[in-house]
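Taking it in order: structure first as structure tokens, then the write-up.
Here, residue 1 is the first one in the sequence, and each next residue gets the next number.
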Amino acid sequence: MNPQPITKAAREALRRRMTELGSPIGAIAQEMRAAFGVRPREAWRHAYGWSQQDVADRVYAKSAELGHVISADGSIVGKWEKWPLSGSSSRRPTITVLNALAEVFGCTIEALLDLEDRRALPDSDRAILNRLAPAEPHGADLVRLAADESMTWARWADSSNVGDLTLHQLLGQAQLLASEYLKPDSNPLTLFSRTRTLRDRVFSLLEGHQHPHQTSDLYMVGGYVCGLLAWISSDLGHVAEAEAQGLTAWLCAELSRNNTLRSWVLSVRSKTAFWDGRMKDAIKHARHGTQYAPSGTATVLLACQQADAWSKLGAVEEAMAALALADAARDASAGADDIGGLFACSPARQENYAAAVHLRIGQPAQALRAADHALELISAQPVRAYGTLAQIHISRAAAYLAMGEPEGTHEALLPVLALPPDRRLATVSDRLAEISTSLGHLRDASRAAVGLRAAIEEFRSNSAPRRLALSPGQTAD
């Protein structure tokens, strides 16, 4: 291990982190040596966070108690620490000094010496140290020592840096964020920042010590939170970053051994692959997710995602079979979704997928019926997910266009074009681009069609991904 640069901030950060985790002082001193390559006596001082003068004052006080007063200042302590380096910058600590230092640091003299120190000690000092070394316990003392050691470990094993109330609060925050992301007044970037903060808190707790079942619950929350970060990243047009978040979410799911979380994470990864143009990966992830037989509606969404990717590939039979799978999964679904919000597949969301699939396989009339049904369903929901609502309107517009009714296209897109810039997600912008391309292929493009294309281009130029890409101080054209 290469020693890190020795800075006070780095030493303090290491000491504080290990102290918070309940590490004994000896372990902190050992880590100081490994991390910064310092001598044993300096490592013990840093473990306590003391200055050289602090140690000098304590040595004076302790040696006075022992009846052998040792007068020293900070510079002398520094020389004791550097020994056995040659030159005036180091000074060999005597047995009396080593004994006082051991009393001050609460350790044995042996803990203050390494092989280099022992080699440099005079033979007489080594002989004294050998006589001072404690005898190995035996008999009844050995039995009592073993019991004390076991109890010390048991106290550590029984401790935890997280309580059940905290776990409940963390899960509640994840549920809240997953629900708020769907609300029409939510700001994706603001919600992303809040989700990141929650992830950092969960990961910080995981670096500490807790009971195994609490660790599993923390990994579960961490998996959902990273899944949400992946979903938002994709919606903001950052699919590579979404994939990275998805991989971390998958690790959390594996470590938590939670099958429902595994399914939702694979749903997130399927979505990322779809918008990255990797349809086979999207299908593979969605199929994999169904193998875990999750509770709630994860299986419904996974089947919808398979249909979505198959339709993009032009595989009509497979797409229709996947839509039938989604219907069957809806009938068989049992239990509420653990998180809900984004991690739930409402009937309106399912119909929205069906509309998009019918469009791609050349069934605009069926697509319009599915979109209209989805619109009815989402209108009855207490929270109308603005992303899903926008997709429904886009499917209706595309269906009208495919049936040769450009006027219906324009009317259907009006609610979408009215979205404020921070809610113009990449997934919405990309589908609008498909409609714009179709409008450009019209043989007799009307003035209304030309105007609609211009409105779409304006929408896309001032979208959430576009704003995110701009440097501070820049504005969208």
Residues that S234 engages under side chain to side chain donor-acceptor pair (under 3.5 Å), provided they are two or more places apart: K271

The side chain to side chain donor-acceptor pair (under 3.5 Å) partners of Y181 (sequence neighbours excluded) come to D235

Quick one: does [X]'s side chain get under 4.5 Å of [Y]'s, heavy atoms only?
X	Y	value
Y224	V265	no
V162	H209	no
L218	F203	no

Ignoring hydrogens and angles, state whether a donor on the side chain of [X] or [Y] is under 3.5 Å from an acceptor on the partner side chain.
X	Y	answer
S429	R460	yes
Q210	N161	yes
S75	Q52	no

Please collect all ring pair (Phe, Tyr, Trp, His ring centres under 6.0 Å) contacts where either partner lies in residues 257-286, sequence neighbours excluded, each pair once.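 Qualifying pairs: W264-F343.
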
Row check, W80 ring normal vs R91 NZ/CZ: under 6.0 Å, within 45°: no

Which residues pass the salt bridge (Lys or Arg N to Asp or Glu O under 4.0 Å) test with [X], not counting sequence neighbours?
X	value
R287	none
D276	R278
E351	none

Could you check whether atom CZ of R196 has more than 12 heavy atoms from other residues, nucleotides or ligands sitting under 6.0 Å from it?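 No - once you tally the heavy atoms of other residues, nucleotides and ligands closer than 6.0 Å, there are 12 at most.
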
Whether over 12 other heavy atoms sit under 6.0 Å from R17 CZ: no

Between [Y] and [X], is the closest basic N to carboxylate O distance under 4.0 Å?
X	Y	result
E110	R118	yes
R33	E42	no
R45	D54	no

Side-chain donor or acceptor of N352 paired with backbone N/O of A348 under 3.5 Å: no

Is it the case that the side chain of S179 and the backbone of Q175 share a donor-acceptor pair, with hydrogens and angles ignored and the cut-off at 3.5 Å?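 Indeed, once roles are kept as given, a pair shorter than 3.5 Å links the two residues.
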
Output all residues satisfying side-chain contact (heavy atoms from CB on, under 4.5 Å) with [X], sequence neighbours left out; order by chain, then residue number.
X	value
T19	R15, I28
A120	W83, P84
Q291	H288
L325	A303

Give the minimum heavy-atom separation between A29 and A47, together with the two atoms involved. N-CB, 3.7 Å

Could you give all pairs that pass the side-chain hydrogen bond (donor to acceptor under 3.5 Å, both in side chains) test and reach residues 300-309, with sequence neighbours left out? S267-Q305, D308-R360

Sequence neighbours excluded, every pair satisfying side-chain hydrogen bond (donor to acceptor under 3.5 Å, both in side chains) that has a member inside residues 331-344: T297-D337

